[in-house]
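Atoms within each ligand, like the ligands themselves, are counted from 1 in listed order.
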Amino acid sequence: MQIEKVGVVGCGLMGAGIAEICAKSGYETVVREVNDELLTKGLDRIGRSLDKAVCKGKLEENKKEEALGKLTGTTNLEDLADCDLVVEAIIESLEHKCELYAALDGIVKKSGVFASNTSSLTITEMAMATKRTERFLGLHFFNPVPIMKLVEVVRTIMTDDQVFEETKEFIRSLGKEPVSCQDNSGFIVNRLLVPYLLDAIRGLEEGIGTVEDIDKAMQLGCGYPMGPLTLLDFVGLDTTYYIANIMFEEYREKRFAPPPLLKQMVLAGRLGRKSGRGFYDYSNS
Ligand code: 3HC
């Protein structure tokens, strides 16, 4: 499996980060969004992140230009036809993902490998929407993608051993560290992280502390880079709500059940940083 060209479907928070690190690592990268407006927004996000990397001394100016030269945006799925690897990072909806994979299966060359950046859906279900079940796996990146070192590489019972090992090599070539996971909802990180985040909301509901005190307690008491409520705003409350519902549906365990306050905040449009308000107010930042 020779990876030279990577396709990324979805140029939101995660897709933009994945496309950025692939292009930065020298892979020809095509990123696809559903319309021009979202594509422009996603490409701008990549541009800003590369500028920040230059400002922080993490990337030389000429390397930024090289990365941009490797990157193409498109709204056309057909432009992914000759990709060796396609990473999908669209909304956490099984229906949308399966529909996309069925279409991609008819477009992308047979040797191409498909990988989903899902954080909680079952990879097997998506693989079954295609005829390349042995060339299908999960690649779960973490936000912010250019900074976080980990990628969960998820195999199903159908994933080919060689495809799995070579994909881990590809992840190392991006400067990331892979961990191997089985196809269990939430894999390793969200299986542990989601109950913790939901418990912080339950704690807030029960009045164990204020938003600021809960965050300060975990940040200073445990050395976490962000408190749980800040992290929830960072990840997005809607995203967390989707993930919690999927995991609750899968495991039927109370620890994965979304607390009422989370649902109310999502319904009220308080989605965290991206909407300007979550547990904190970002309207001036
Ligand atoms: N490109 C490359 N490097 C960059 C960069 C960029 N665009 N922006 C910043 N950096 C570098 C900085 O130079 C710095 O490097 P250094 O430590 O070597 O000096 C480092 O990245 C940190 O940058 P900053 O100093 O600007 O940022 P902070 O120190 O404030 O840290 C943070 C920001 C990394 C977001 C930190 O708060 C953190 O780790 N938070 C927790 C994030 C987390 O838990 N993410 C996982 C979420 S869960 C998830 O994604 C799964 C999903 O399924 C829910």
Problem - Per-atom contacts of ligand 1 with Ser119, taking only distances under 4.0 Å to non-hydrogen atoms - result: 53 (O)
Problem - Shortest protein heavy-atom distance from atom 54 (C) of ligand 1, along with the residue and atom involved - result: Val235 CG1, 3.6 Å
Problem - Closest contact, heavy atoms only, Thr75 versus Asn35 - result: CG2-C, 3.6 Å
Problem - Test item: protein heavy atom less than 4.0 Å from atom 29 (O) of ligand 1 - result: no
Handout entry: atom 25 (O) of ligand 1 [closest protein heavy-atom partner, distance rounded to 0.1 Å]
Key = Lys56 NZ, 3.6 Å
Handout entry: Nearest heavy atoms of Val145 and Lys176, plus distance in Å
Key = O-NZ, 2.6 Å
Exercise for the section: Determine the minimum heavy-atom distance between Leu77 and Ala103, stating which atoms define it. Expected result: CD1-CB, 4.1 Å
Exercise for the section: Would you please determine whether Thr240 falls within less than 4.0 Å of ligand 1 on a heavy-atom basis? Expected result: no
Handout entry: Flag, side chain of Asn143 to backbone of Val235, donor-acceptor distance under 3.5 Å
Key = no
Exercise for the section: Work out which heavy atom in Cys11 is nearest to a heavy atom in Arg45; give both atom names and the distance. Expected result: O-NE, 4.5 Å
Practice task
Report the part of Asn190 (side chain from C-beta onward, or backbone N, CA, C, O) that has a heavy atom under 4.0 Å from ligand 1; answer both or neither where that applies.
Solution key: side chain
Exercise for the section: Could you check atom 2 (C) of ligand 1 against the protein and tell me its nearest heavy-atom contact, residue, atom and distance included? Expected result: Ala53 CB, 3.8 Å
Problem - Under-4.0 Å heavy-atom contact between protein and atom 17 (O) of ligand 1 - result: no
Completion exercise
Of Glu92, His140, Glu125, Glu88, the one forming a side chain to side chain donor-acceptor pair (under 3.5 Å) with Ser116 is Glu88
Exercise for the section: Identify whether Leu13 and Leu71 are in the same connected component of the hydrophobic contact network (ILVMFWY, side-chain heavy atoms under 4.5 Å). Expected result: no
Problem - Polar side-chain atom of Arg32 near backbone of Gly7 as donor-acceptor pair, under 3.5 Å - result: no
Handout entry: Close N or O approach (Glu20, ligand 1; < 3.5 Å)
Key = no
Handout entry: Atom indices of ligand 1 within 4.0 angstrom of Asn143 heavy atoms, with elements
Key = 42 (C), 43 (C), 45 (N), 46 (C), 47 (C), 50 (O)
Completion exercise
Of all protein heavy atoms, the one nearest atom 48 (S) of ligand 1 is Leu193 CD2, 3.7 Å
Handout entry: Nearest non-hydrogen protein atom, atom 38 (C) of ligand 1
Key = Pro225 CB, 3.6 Å
Practice task
Using a strict 4.0 Å cut-off to heavy atoms of Phe142, name the atoms of ligand 1 that fall inside it.
Solution key: 49 (C), 50 (O), 51 (C)
Problem - ligand 1 versus Ile147: contacting region, heavy-atom distance under 4.0 Å - result: side chain
Exercise for the section: Provide the closest heavy-atom pair for Ala19 versus Ile46 in the form atom of the first, atom of the second, distance. Expected result: CB-CD1, 4.0 Å
Exercise for the section: Check the hydrophobic clustering (I, L, V, M, F, W, Y; side-chain heavy atoms under 4.5 Å; chains of links allowed) and say if Leu104 and Leu85 are grouped together. Expected result: no
Problem - Verify atom 33 (C) of ligand 1: protein non-hydrogen atom under 4.0 angstrom away - result: no
Problem - Main-chain N/O of Arg277 paired to Asp281 side chain as donor or acceptor, under 3.5 Å - result: no
Exercise for the section: Run down the list Glu152, Lys149, Met148, Lys52 and name the one with the heavy atom closest to atom 42 (C) of ligand 1. Expected result: Met148
Practice task
Answer yes or no for atom 51 (C) of ligand 1: protein heavy atom present at a distance under 4.0 Å?
Solution key: yes
Problem - Whether over 12 other heavy atoms sit under 6.0 Å from Ile157 CD1 - result: no
Exercise for the section: Quick one: look up the protein heavy atom nearest atom 44 (O) of ligand 1 and list residue, atom name and how far away it is. Expected result: Leu231 CD1, 3.6 Å
Practice task
Number the atoms of ligand 1 from 1 as they appear, then name those within less than 4.0 Å of a heavy atom of His140, with their elements.
Solution key: 51 (C), 52 (C), 53 (O)
Problem - ligand 1 contacted by Met14 (non-hydrogen, < 4.0 Å) - result: no
Problem - Distance-only donor-acceptor check, side chains Thr230 and Asp215, under 3.5 Å - result: yes
Completion exercise
of all protein heavy atoms, closest to atom 11 (C) of ligand 1 is Lys58 CE, 4.0 Å
Problem - Contact partition for Thr239 relative to ligand 1, non-hydrogen atoms under 4.0 Å - result: neither
